[in-house]
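Next up is a structure, given as structure tokens.
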Amino acid sequence: MSKNYSEEELYQFPFRDKSLELEERVKDLLSRLTLEEKFKLCSGRLMWHTKPIKRLGVKPFTMYDGPHGVRPDTMGEIKSTYFPSAICRAATWDPELSHEFGKAVAEEVRDVGAHMLLAPGINIQRTPMNGRTFEYQTEDPHLNKILAVATVKGIQSQKIAACVKHFVCNNQETNRFTVSSEVSERALQEIYLPAFKATVQEADAWSFMTCYNKVNGIYGSENYNLLRERLMEQWGFRGFTVSDWNATANTSTGSCVTAGLSLEMPTAKKYNKRNMKKAFQEGKFTEDSLNDNIKRLLRVMFLVGLFDDKNTLPSGNRNTLEHQSIARKIAENGIVLLKNKDALLPLNIDKLKKLAIVGPNANLKFGGGDMLAGGGSSVNYPPYEITPLEGLKQKCRDRVEIIETPSKADVTILFAGLNHEHGMDAEGEDRNKFELPLEQIELIKRTVKQNPNTIVILINGSPIAMSDWIDSVPSVIEAWYGGMEVGNAIANVLFGDVNPSGKLPLTFPKKLSDSPAHNSERSFPGVEERVFYDEGIYVGYRYFDKEQIDPLFPFGYGLSYTTFNYENLKLDKEKFTKNDTVTVSLDIVNSGNRSGMEIIQLYIQDIKSSIDRPPKELKQFKKVKLEPNERKTVELTLNFDDFSFYDDSTHSWVVEPGTFNILLGSSSRDIHLQKEIEYFE
Ligand code: BGC
């Protein structure tokens, strides 16, 4: 029997000595664990916790969902800030807001006594039909990377672990427990892995969650190549991996340990004592592998302060005005103005008399228990939620009459979209159709006939078809699932207190068959439990550009109440070589009469290449705020890597000598300036 220690005795151990190096403390604690205790630490209990090792004072490590706010396991008794969905945050294209979100949500995690947030979810939006598109950020690897890094840094600034998920190619919900994502090495390198890798190398992510699916035939939780070789050896990850909840179901104990899966959640199955003992005795894994897995978990326990006096840790807080204002700011900045014929928007509150508000999403709440089934693991319970109707009532109070009859109103606002019900942006199943529900399409058509000044506002988390109705509607807004302050954010945008500046983080196709994953059944949803990523690197706009298909709205698109001019593009050199950086500068001018923000996008095009490359790829962007008539010079820096592609034959990143085009635009399809530059070796 191993000895139980008193608190005084424990204090004498090196691992409790805060003045020692982290690695020394980890090593010391590891050396005191028996084999059985190590087995015990490898799996969870009670859904969200690790098991304590009482005799050594190792408390349970607690982790909670999720990407839009923390949800402790109290059936809604404990409230927390409901932030906008990840796709909305991504539409802000603002890493600072992602950082603010990360910091705020981590304060809430600390406040509820947990140590890790099961977020961010950064799977690439390969298809609009993925039930979890709303929970992920974007179709583009560069935007994904910038926002993921900022979010992880924000979370971990509070000594709370981020858990980057779901590693990797968990791009659909259909057959999510069994499907194998069949993906080329080049697509992995160029599209699916970069953001994950950057969270390790640029943000020191403390945890990764493995995916439910297989990747090229091997489950994420026992994928030696993904976990041990790439994540740990090649990228230098020092954190620990945790299985998605029950993702180990079809795996084997030995291969999970050997692959580097530290923690099986939510309870011990493959990692229960009997299986661990047996696999160990049969030589299915080595003690070295096990020790490495445990070491990683212990390291993060130290990093989050599990052994420290609470008073020495960042103080948590929850449901503060500051957090609510961050939620509102993200919602306001993420709203995308898709169409605004004859400048119907913004509405003038002094001129408007009657405003009709209709549509199924006008007064729906998305936080809390009502939507638990569909919102899935990303749901949390906010103390309040301002619906669009409530936000507009508040804004219009005593000034504009709110009615329900479009024909009697000056302007009608129609709230359409999806709602996290089955097949409509829900975890566990993909969307059941690309169009809006039929009754909503009919409602839009009917309403526009009754009142041509109808503005459609979409509340949803993934692209939908609009061809049936968009031509008859003067203004359309994409407002996403905007969190607990969504109603105020929408009202502020409609009445011009906030000038919309969000841009689409993914392509909106006209029809589903235009979308790269929807060429055949084998590419979505797959056949015989395999889904073939036949489009390779041509995900999102890379595909639409290559095939010259006009999307409904392109990647990077979004209107403003003002206009911007792009002028005076300059490169600091005409030629560059490997160790050079290239500084791109341009002037951006607000040529309208309202202050506003523009997101300047820089794409690169390889004019001639020995292998097929996308017509353009986003490599930099910057959001700038400009007063009317203001001019600002913006600088963007590129380096060698920004020009490279992954060469399958040499397994390396390559830049070929020759000419590149640097494209500057307000969307992937609105390029305003371009200049060539030459690379030489
Ligand atoms: C989801 C994860 C989530 C976990 C815990 C799983 O079903 O895929 O994203 O963090 O459950 O709730």
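Just so you know, ligand 1 is whichever comes first in the structure, and atom 1 is the first atom listed for that ligand.
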| Just by modelled atom types, is the Gly461 backbone N or O under 3.5 Å from a matching donor or acceptor in the Asp425 side chain? | yes
| said: So, using side-chain contact (heavy atoms from CB on, under 4.5 Å) as the criterion, who are the partners of Glu322 when residues are at least two apart? | reply: Thr320, Ile326
| Mind checking what residues have non-hydrogen atoms under 4.0 angstrom from ligand 1? |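 Ligand 1 is contacted, at a heavy-atom distance under 4.0 Å, by Trp48, Asp65, Leu118, Arg132, Lys165, His166, Arg176, Met209, Tyr212, Asp244, Trp245, Ser377, Glu427.
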| Contacts of Leu618 that satisfy side-chain contact (heavy atoms from CB on, under 4.5 Å) - sequence neighbours left out | Trp93, Asp140, His142, Leu143, Tyr541, Phe555, Gln601, Tyr603, Phe621
| field | Glu173 (side chain) donor-acceptor with Gly428 (main chain) under 3.5 angstrom | value |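 At least one qualifying donor-acceptor pair exists.
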| remark: All heavy atoms of Asn123 vs all of Asn170, minimum pair found to be ND2-N, 3.4 Å
| message | Glu108: which residues meet the salt bridge (Lys or Arg N to Asp or Glu O under 4.0 Å) condition with it, sequence neighbours left out? | response |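 In terms of salt bridge (Lys or Arg N to Asp or Glu O under 4.0 Å), with neighbours along the sequence ignored, Glu108 is linked to no residue.
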